**Student:** 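Below are the structure tokens for one structure; questions will follow.
For clarity, every value in this text was computed on a predicted model and none was experimentally measured. Order of appearance sets the numbers: ligands from 1, and atoms from 1 within every ligand.
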Amino acid sequence: MAGAKKSPRKKSPSKKILFEAVFRNSLEAIIILDKSDRIMEVNPAACKLLGRKKKNLLNHKIADFLELPLNWPQVQGRAKIKIKQDQGEAKIAEYSQVQNLLPSYNLLILQDMSSFQNSAIAELELHHQRVELFAEVTLKIRQSLQLQEILQTAVSEVQRILQADRVLIYQVFTNGTGMPIREAVLPEFKPILGVKFPEEVFPEDYRQLYSQGRVIAIADVRSTDANLAECLIEFMDEWQIKSKLVVPILQNAQFPKKTPREDRLWGLLIAHQCQATRTWTDFELELMRQLADQIGIALSQAELLENLEGLVAERTAKLSQANHNLQQEMSDRLEAEAALRHSEEQLRLIANGLPVLIAYVDRQQHYRFNNEAYKIWLGLSPREIQNSHLLKVHGETEYKQIKPHIETVLTGEMVTYERDLILQDGCMHSLSITYIPHIQEDHIIQGFFALTSDISDRKAIERMKDEFISVVSHELRTPLTSIHSSLKILATGKLGSLSKKGQRMLQIADEQTERLVHLVNNVLDLQRIQSGKITMNKQAAQAEELILEAVQTMETLAQEQAIRISIQPNNFIVWADRDYIVQALTNLLSNAIKFSPPNSMIVISATKNHRQTNGKQQQTVSPITFAVQDQGQGIPEDRLETIFERFQQVDSSDSRKKGGTGLGLAICRQIVEGHGGQIWVESCLDKGSTFYFTLPELIQLESKDHG
Ligand code: ADP
């Protein structure tokens with residue numbers, strides 16, 4: 001045991017030394033005060049806290065250094081107190097007191113709270129900033145309804161907040177592949193945008209984990225903790241990635257969310273640190289996760305909007321097509337209207353420019369249109385008389401005169417008549433008036449067009465011509481009669497005999513003079529009838545008697561030509577001027593004999609047509625048709641109408657050969673029309689002609705009814 005070194009027994013320090021050491025090294029400030037709060041002892045921590053040397057503290061009142069509360073010193077437990085500072089920020093300390101630690105001594109313990117409080121405030125502020133930042137980014141993302149804008153805002157904002165070197169959005173396609181579609185990267189690092197990630201970077205099991213909301217935060221991709229495959233690390237190296245943070249962007253198929261199961265992995269929000277490794281804080285993780293959520297919601301909204309926009313676009317396209325059609329239709333209509341206006345304008349111009357009255361009257365006899373001539377001729381402004389009844393416009397007397405014609409046209413028959421009227425210029429004018437019915441497709445008469453032209457000049461010329469003819473004829477007749485008589489006397493031979501040649505010449509002179517007398521008489525006859533100077537002396541007459549009288553006149557001539565005249569018996573009574581009707585029949589017979597070959601036959605008859613009743617009269621009026629039928633040369637079809645006009649002959653040599661004047665049929669027509677009848681001819685070349693005319697039959701109603 002000898003040689004064994006006994007270790008010297010270490011002497012334990014005295015309690016005093018121990019307490020002193022505690023007093024000196026305590027991190028809390030310890031101050032011992034006397035009863036009157038004067039500082040008796042302080043430890044170094046107290047000097048530090050109060051910011052003064054020990055000698056400057058001892059024997060001084062504690063109130064010189066602390067802002068004592070009102071209830072000082074009765075403070076139980078721990079309380080806050082402010083330390084007075086000469087310069088700089090006021091320090092806050094937590095203090096506790098032990099009254100009467102030793103008789104007449106109090107113990108005051110202070111703990112510096114300033115740094116603790118500052119860090120808490122800083123922490124709070126940081127938190128506040130982050131919340132505000134998050135709200136701002138969320139707002140930015142949610143405010144945008146355009147998908148591309150949402151994504152771009154998301155990456156830029158995340159990059160800004162996290163101060164990350166690269167932030168990207170990686171879209172996962174339905175076939176499992178994907179690629180970064182948006183990126184915010186610092187200029188010194190390689191962009192990764194549009195690069196297709198190889199299959200191994202993002203395998204199926206990863207996708208499933210992300211679908212369930214997994215978040216990956218790797219501080220150092222190369223560390224063993226990260227547990228990354230070698231190929232993946234190589235890939236990271238290529239893009240200088242040292243740390244990464246990945247959160248899934250889950251999109252809800254139906255927005256708003258119904259069940260979490262309906263989420264689908266739309267893509268990933270990824271942050272890279274390339275400069276150095278980085279430990280991602282919980283806050284950063286949370287921020288990324290929440291932003292990814294916001295993106296998911298925004299995506300659903302954008303999708304909804306896109307659908308809505310699609311619908312709106314479709315509807316807009318339809319509307320704009322409809323609008324286009326409408327505009328086309330409108331411009332077509334406007335064009336048509338313009339064309340119509342133009343043509344209306346032209347028509348109006350023509351209607352107003354013509355020196356005739358033009359009007360349209362509806363079937364209720366109201367004027368619907370009048371041209372400007374109404375103003376000039378009649379002093380009736382078209383605007384004033386439009387829509388007015390004819391009676392109102394023309395007055396009772398005049399309306400009475402035009403009424404029968406209006407009634408006729410409203411039955412659908414065209415009417416032409418003449419009348420004399422004093423016009424606005426104060427002179428009498430001869431007017432020719434034509435009413436043309438306006439008949440619609442359904443045969444309904446809508447009204448009529450009225451056309452009135454001034455024929456005063458023509459009438460004046462006609463009158464002059466007639467007068468001239470009449471004067472000339474009169475002047476010719478007297479000398480002609482005396483020439484004729486002289487020739488007749490010469491022919492008797494009482495004034496001396498003539499040579500044979502002389503007699504022949506005398507015969508020619510007599511024949512021609514007779515023809516001339518005949519012509520002059522015819523001209524005068526026609527003139528008289530036409531001028532209306534003579535009045536027909538109409539009375540009841542036996543049709544057969546009239547026929548017999550005419551036949552008797554022409555019998556000798558017929559016999560000379562060996563032509564037989566056959567009379568068809570009848571017992572009709574007509575309303576006629578005997579002399580004129582006999583003259584008409586004689587003219588027709590004379591022609592028939594003239595244009596018939598010898599040994600032919602002429603048939604003269606009177607027959608009755610269908611009865612027409614005129615209810616207003618006491619008599620029944622129905623036409624009797626007289627007919628003179630021959631077997632002569634006939635009349636070409638194109639001359640059937642014209643031969644009734646003056647001096648019209650089928651063959652101009654007829655007058656020489658047959659001794660006609662071309663006035664006979666014109667006279668016949670005047671006579672027949674003067675009786676209210678009609679005259680016409682039917683003919684067949686080389687077979688013969690039949691001349692017809694009608695006369696009203698007169699029947700005493702009473703005698704018929706009772707007989
Ligand atoms: P005219 O004095 O020449 O007979 P009308 O006016 O009586 O004059 O007849 C006119 C023309 O009509 C005649 O010239 C003739 O060409 C034709 N005409 C009249 N009656 C007959 C008839 N019965 N047959 C053939 N032609 C006729």
**Student:** Quiz question: by atom type and distance under 3.5 Å, do the side chains of Q542 and N570 form a donor-acceptor pair?
**Tutor:**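 On atom types as modelled, these side chains do not qualify, holding no pair under 3.5 Å.
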**Student:** For A592, take its heavy atoms, then give the atoms of ligand 1 lying under 4.0 Å from any of them.
**Tutor:**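 The list of qualifying atoms is 23 (N).
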**Student:** Salt-bridge test for E645 and R669: reply yes if a basic N is under 4.0 Å from a carboxylate O, no otherwise.
**Tutor:**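 No, this pair does not count.
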**Student:** What are the atoms of ligand 1, with element, lying closer than 4.0 Å to any heavy atom of S689?
**Tutor:**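 Going through ligand 1 atom by atom, the ones under 4.0 Å from S689 are 24 (N).
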**Student:** Would you check whether F595 has a nitrogen or oxygen atom less than 3.5 angstrom from a nitrogen or oxygen atom of ligand 1?
**Tutor:**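 No - when backbone and side-chain N and O of F595 are compared with those of ligand 1, no distance drops under 3.5 Å.
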**Student:** State, without any angle test, whether H405 and Y435 hold a side-chain donor-acceptor pair at a distance under 3.5 Å.
**Tutor:**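 Y435 and H405 do not have a side-chain donor-acceptor pair below 3.5 Å.
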**Student:** If the contact criterion is a heavy-atom separation under 4.0 Å, does G662 count as touching ligand 1?
**Tutor:**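 Yes, that is the case, since the closest heavy atom of the residue is under 4.0 Å from the ligand.
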**Student:** Is the shortest N/O to N/O distance between V650 and ligand 1 below 3.5 Å?
**Tutor:**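 In this structure, V650 places an N or O atom under 3.5 Å from an N or O of ligand 1.
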**Student:** What atoms of ligand 1 come closer than 4.0 angstrom to any heavy atom of I643?
**Tutor:**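 Checking each atom against I643, I get 12 (O).
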**Student:** Hey, is D362 close enough to R368 for a salt bridge, meaning N to O under 4.0 Å?
**Tutor:**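 A salt bridge links D362 with R368.
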**Student:** Going by atom types alone, do R504 and Q507 pair a side-chain donor with an acceptor below 3.5 Å?
**Tutor:**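 Judged by distance alone, the side chains do pair up.
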**Student:** Would you say Q633 has any N or O atom under 3.5 Å from an N or O of ligand 1, going by distance alone?
**Tutor:**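 Checking ligand 1 against Q633, no N or O pair falls under 3.5 Å apart.
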**Student:** Check I635 against ligand 1 and report side chain, backbone, both or neither, counting heavy atoms closer than 4.0 Å.
**Tutor:**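 Side chain only; the backbone of I635 stays clear of ligand 1.
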**Student:** Would you give me the side-chain donor-acceptor pairs under 3.5 Å for residues 341-359, sequence neighbours excluded?
**Tutor:**
unit_1 : atom_1 : unit_2 : atom_2 : d
S343   : OG     : L340   : O      : 3.3
N352   : OD1    : E372   : N      : 2.7
N352   : ND2    : R348   : O      : 3.3

**Student:** Would you say the side-chain atoms of S497 pair up with the backbone N or O of G493, donor to acceptor, closer than 3.5 Å?
**Tutor:**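 Not a single qualifying donor-acceptor pair exists.
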**Student:** One residue to check: Q648. Relative to ligand 1, which of side chain, backbone, both or neither has a non-hydrogen atom less than 4.0 Å away?
**Tutor:**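 Backbone only; the side chain of Q648 stays clear of ligand 1.
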**Student:** Report, in ascending order of atom number, the atoms of ligand 1 lying under 4.0 Å from any heavy atom of G664.
**Tutor:**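 Going through ligand 1 atom by atom, the ones under 4.0 Å from G664 are 5 (P), 6 (O), 7 (O), 8 (O).
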**Student:** Looking only at distance, does L665 have an N or O less than 3.5 Å from an N or O of ligand 1?
**Tutor:**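 Yes; at least one N/O pair falls below 3.5 Å.
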**Student:** Answer yes or no: is there an ion pair linking K403 with E407, defined by an N-O contact shorter than 4.0 Å?
**Tutor:**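 A salt bridge links K403 with E407.
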**Student:** Verify whether the ring centers belonging to F449 and F369 lie closer than 6.0 Å.
**Tutor:**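 Between F369 and F449, which both carry aromatic rings, the centre distance is not below 6.0 Å.
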**Student:** Within the structure, does D630 bring an N/O atom to less than 3.5 angstrom of an N/O atom in ligand 1?
**Tutor:**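 Checking ligand 1 against D630, an N or O pair does fall under 3.5 Å apart.
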**Student:** Any donor-acceptor pair under 3.5 Å linking the side-chain atoms of Q583 with those of D579?
**Tutor:**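 Note: D579 and Q583 side chains miss the donor-acceptor criterion.
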**Student:** Contact between ligand 1 and R639 is defined here as a heavy atom of the residue under 4.0 Å from a ligand atom; is it met?
**Tutor:**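 In this structure, R639 fails to qualify as a contact of ligand 1 - no heavy atom is under 4.0 Å.
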**Student:** Could you tell me, atom by atom, which parts of ligand 1 come under 4.0 Å of a heavy atom of K594?
**Tutor:**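 Here the atoms of ligand 1 in question are 1 (P), 2 (O), 4 (O).
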**Student:** Are F691 and ligand 1 in contact, using a heavy-atom cut-off of under 4.0 Å?
**Tutor:**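 The answer is yes, since F691 has a heavy atom less than 4.0 Å from ligand 1.
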